[in-house]
Structures are given as structure tokens and as C-alpha cells.
There are 2 protein chains.
Amino acid sequence: MDNSTSSQTAQNDLQVLRTSSLTGALVRELEHLILTGELKPGERLNEIQLSARFGTSRGPLREATRTLEAKGLVDAIRNRGVFVRSISSEEALEIYDIRAALFGLAGRLLTDMITDAMLVRLNEFLNQMDEIAQQRDFDRYYPLNLQFHDFLIKSTNNKTLAREYKSLVNKLHLCRARGLVQAGGLAVSNHEHREMVDALASGNRERAQEAFFRHVERSKQRFTTTLAK
Amino acid sequence: MDNSTSSQTAQNDLQVLRTSSLTGALVRELEHLILTGELKPGERLNEIQLSARFGTSRGPLREATRTLEAKGLVDAIRNRGVFVRSISSEEALEIYDIRAALFGLAGRLLTDMITDAMLVRLNEFLNQMDEIAQQRDFDRYYPLNLQFHDFLIKSTNNKTLAREYKSLVNKLHLCRARGLVQAGGLAVSNHEHREMVDALASGNRERAQEAFFRHVERSKQRFTTTLAK
DNA sequence: TTAGTGTAAATTGTTTACATAGCGCGCATG
DNA sequence: CATGCGCGCTATGTAAACAATTTACACTAA
């Protein structure tokens with residue numbers, strides 16, 4: 001047996017336990033399972049099964065599922081169990097609108113604090129995405145698109161906004177009717193991105209807010225049109 | 001003893017237990033204690049003490065506090081305890097911006113669905129508030145103001161929006177530096193309300209969104225100015 | 001054949017008990 | 001008198017046992 005390795009992992013475990021409780025770790029694990037789709041919408045979270053899987057007792061696991069319930073990732077029904085939440089199309093539309101409002105806020109806030117360095121970085125994003133879009137390389141475009149949006153949201157320095165926005169995006173993943181949406185808007189989307197950056201550069205708050213807002217609204221549109229089929 | 005009454009309460013209890021677990025009831029109780037200020041920001045939630053108070057064991061109470069933690073009403077520190085969250089002024093400002101964005105969304109959504117009946121109801125609100133404002137009767141103005149905002153938010157029929165908005169307003173209550181803010185803007189505020197309703201009546205989406213957005217931003221302004229003293 | 005009922009297994013809700021981590025207080029010592 | 005160390009208390013973290021409810025399935029009777 002390797003002494004140094006075992007003591008190191010033990011120390012890692014300790015470090016983990018220092019900052020986060022077992023419950024906290026379970027929340028992250030379950031959230032991961034849900035968002036990656038290993039636990040699908042509508043599926044039940046069996047307490048015994050899951051606690052055995054993670055090597056804990058039911059107590060911490062129940063606390064974790066309560067947290068997930070408050071986060072809106074699962075539904076708990078008394079004496080029936082906890083189920084991965086399934087977002088209806090109607091609710092997805094509601095969420096799109098709220099996401100649009102928050103993203104619009106990001107645009108408005110950024111207008112007043114934009115720097116040349118940020119504009120340079122944003123244009124790098126745009127050029128790179130243009131390039132990839134022309135190659136129709138969706139597998140590379142999608143994560144870059146996420147990075148771009150993430151960069152914008154985080155640049156506002158409004159941590160509450162970042163948290164709420166992320167939470168909304170997560171919830172949209174629980175909508176069964178989603179998935180094929182992004183494929184269509186590839187080059188289209190990047191044109192919208194340019195509009196957003198131009199609006200930021202113009203220094204016009206309302207224009208930026210509107211550009212950011214509409215960007216999300218248009219992806220809502222694409223969602224509804226794919227839904228109609 | 002009144003038979004019909006006792007059987008009715010028994011049925012009520014049954015109904016309550018049907019939909020909500022003990023944990024759910026605890027969440028509501030604790031939320032109430034926190035929002036009414038009986039449990040003040042920074043104060044610790046003693047598990048044993050509280051579970052004894054409500055006649056439950058620690059398990060359900062811990063689940064309840066996890067829910068409150070996810071809702072952002074308390075902070076949990078491992079091996080230290082759970083504390084009522086204290087919102088800093090900086091975070092309050094962040095929340096104001098997000099509230100503004102959501103309220104702006106409400107204005108935008110309402111513009112496309114406003115009816116004559118709703119405009120009539122809104123004008124009733126305005127007149128009543130004007131009247132009370134002239135009497136400088138703050139005790140009656142404040143709840144009516146809440147009702148007015150609540151009516152607007154709920155009229156959008158976006159339940160997710162209503163939930164998120166309420167959650168934000170709740171969190172603002174946890175800011176110590178708050179409280180004296182509303183007193184100043186009384187007649188001022190109602191003038192802003194008229195602007196909002198006028199914008200709705202105009203049918204201009206962007207204008208309504210901007211009017212609603214700015215209404216919250218101005219109350220943020222009032223917050224910062226009172227903060228400066 | 002089908003509807004209804006009773007029973008057993010599985011699962012969740014709750015309580016109790018035990019292990020462990022912080023925190024304060026007192027005592028000894030420089 | 002100040003400071004550091006150790007002991008004990010209190011509260012939290014976790015696990016296991018107990019209680020209650022749901023669900024599935026087989027059996028009975030119309």
C-alpha cells in the first residue's frame with residue numbers, strides 16, 4: 001500500500017469537508033447528475049439507492065434533496081418521493097422572458113463600465129465565433145457561445161445577477177422539448193452578438209439593454225418555432 | 001363541544017398534512033419569523049431550541065434550514081450553526097438592479113396584454129394613493145403601494161416572474177440599513193406610478209419597460225442617499 | 001372476466017442515539 | 001498580571017432504528 005497517496009487523499013477529503021458539509025457535496029453531485037441528464041426529468045430519486053451509491057446515510061441526502069427542491073431542480077411529493085423536475089414548454093417560455101430581462105440588465109450595466117480592453121476581448125470572441133460558424137462546426141461553436149455569454153454576465157460584477165442567471169439557464173435544461181433549438185441559429189446568432197457589442201460601444205444604456213434583451217427573445221422565438229413542429 | 005367545528009379542523013389538519021410535510025410547515029414558520037424580524041439578521045438558529053419550540057426532532061428542522069439556505073434567507077457554517085442572513089448594502093444594490101430588470105419586464109409584458117378593465121383598476125389605485133399621499137398617511141400608503149406592485153406583477157400571468165420578484169423583495173428585508181427609505185418618497189412615488197400607467201396605456205413596450213425599470217432604480221437612489229447619511 | 005379487497009413489500013417520514021468539532025473557562029506558569 | 005494550555009461543555013454532523021404511508025399483487029366474489 002502506498003502511504004503517501006493514501007495520506008494525501010485523506011488530506012484532500014479533510015480539505016473538502018472543511019469548507020463544505022457532506023450535504024453540500026451531495027447537492028453538487030446530484031445537481032451534476034441532473035444537469036448532465038444521468039437523472040432524467042420525471043425520474044425518481046430513490047433515497048436508499050442514492051445514499052448507498054454515495055456511501056452516506058439518508059439524513060444528509062434528504063437535506064440535499066430539500067436544497068435541490070428550493071433551487072427548483074426537483075419536486076418533492078409527500079410520501080411519494082422526490083422527482084427530477086420536468087419543465088413544461090409554458091414554463092420554459094416564462095423563464096426565457098426572465099432570462100431576457102436579466103441579460104438586458106447585464107447589457108445596461110456593462111454600458112456604464114465598459115473598457116477598451118473588454119471591447120478588444122469581446123471582438124476576439126466575435127471573430128473566433130464567426131470563423132467557427134462559417135465552418136459549421138457546431139461542437140466548437142456551442143461552448144464558445146456559452147463562454148461569451150458567461151463573460152458578459154460576469155463582467156457586470158453583480159454576483160447576484162450571475163447566480164440568478166445561471167440558475168435560470170440550468171432550469172431550461174430540464175425542459176424536454178429543448179435540445180434541437182441551438183442548431184438553427186448559428187450564423188444568425190453571431191450577427192446578434194455583433195449588435196450587442198456595437199450597442200455597448202455606443203455608450204447608450206437603453207440601446208444596449210434592448211439589444212441584449214432581444215438576443216434572448218430571439219432564441220425564445222427559435223424555441224417556439226421548433227416547438228410548433 | 002361543537003362537533004361540526006372539531007371535525008372541520010380535523011379535516012383542515014388532514015388537508016394540511018396531505019400537501020405539506022412537517023418540514024414544509026417548518027419552512028413557512030421560520031420564514032415568517034425571519035421576515036417579521038422576530039429572528040434578526042445575524043442571529044443564530046439554535047436547532048435544539050427551535051425543534052423543541054415546534055415540537056419536532058432535529059431532522060425536519062435541519063431540512064427546513066437547508067431550504068432556507070437555498071432560498072438565501074440564512075447562511076449555514078459547518079459546525080458553527082445557521083444564521084439569519086445579513087444583506088450588505090452592496091448586495092442590496094445588486095438586488096435593486098435585478099428587481100428593476102424584473103419589474104421592467106413586467107411593464108413590457110403588460111403592455112401587450114393590457115385591457116381597459118385593468119387600466120380602470122390601475123387608475124383607481126392611483127387616485128386612492130394620491131388621496132392618501134396628500135394626507136401624509138404613511139401607514140395606509142405603504143400597504144396600498146405593495147398591493148399596487150403586486151397587482152402589476154401578478155397581472156403578467158408569469159408565475160416564475162412573480163416568484164422570483166417576491167424572493168428578491170424578501171431578501172431586501174434582510175438588509176439592516178433599510179427601513180427609513182420609503183418615508184421620503186411618498187408623493188414622488190405616486191407621480192412615478194402615473195408615468196408607468198401612462199406608458200402602459202400608450203402601448204409602447206420599450207417605454208413601459210423603461211418606466212417600470214426606472215421606478216425601481218429611483219427607489220434604489222433613495223436608498224443610497226439615505227445610506228450616505 | 002373484472003372489480004374490489006386484503007396483505008405484504010418497499011419507500012418515505014420522523015425520532016433517537018452516538019460521534020465529532022468548536023468555543024470558553026479556569027488554571028498554571030512565565 | 002498577562003498569556004498559553006488543557007479540559008469540559010455545547011451544538012452540530014451523521015447514522016441507524018422505528019413508524020406510517022403508499023404501492024403492487026394476489027385472491028375472492030359478483
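Every chain is numbered from 1 and lettered A, B, ... according to where its sequence line falls, protein lines coming before strand lines.
At whole-Å resolution of the value, CG in B/Leu26 and C1' in C/dT15 are 14 Å apart.
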- Once base and sugar-phosphate atoms are separated, protein heavy atoms under 4.0 Å mark nucleotides 6-13 of chain C, 5' to 3', with B, S and - as -----SBB
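No side-chain heavy atom of B/Glu164 sits under 4.5 Å from any side-chain heavy atom of B/Ile98.
For the ring-ring contact (aromatic ring centres under 6.0 Å, His included) test, residues two or more places apart in sequence or in another chain that qualify with B/Phe151 are B/Phe125. With sequence neighbours excluded, no residue forms a side chain to side chain donor-acceptor pair (under 3.5 Å) with B/Arg140.
A donor-acceptor pair under 3.5 Å is formed between the side chain of A/Arg85 and the backbone N or O of A/Gly72. Panel note: side chain A/Gln221, backbone A/Arg218; no donor-acceptor pair is recorded below 3.5 Å.
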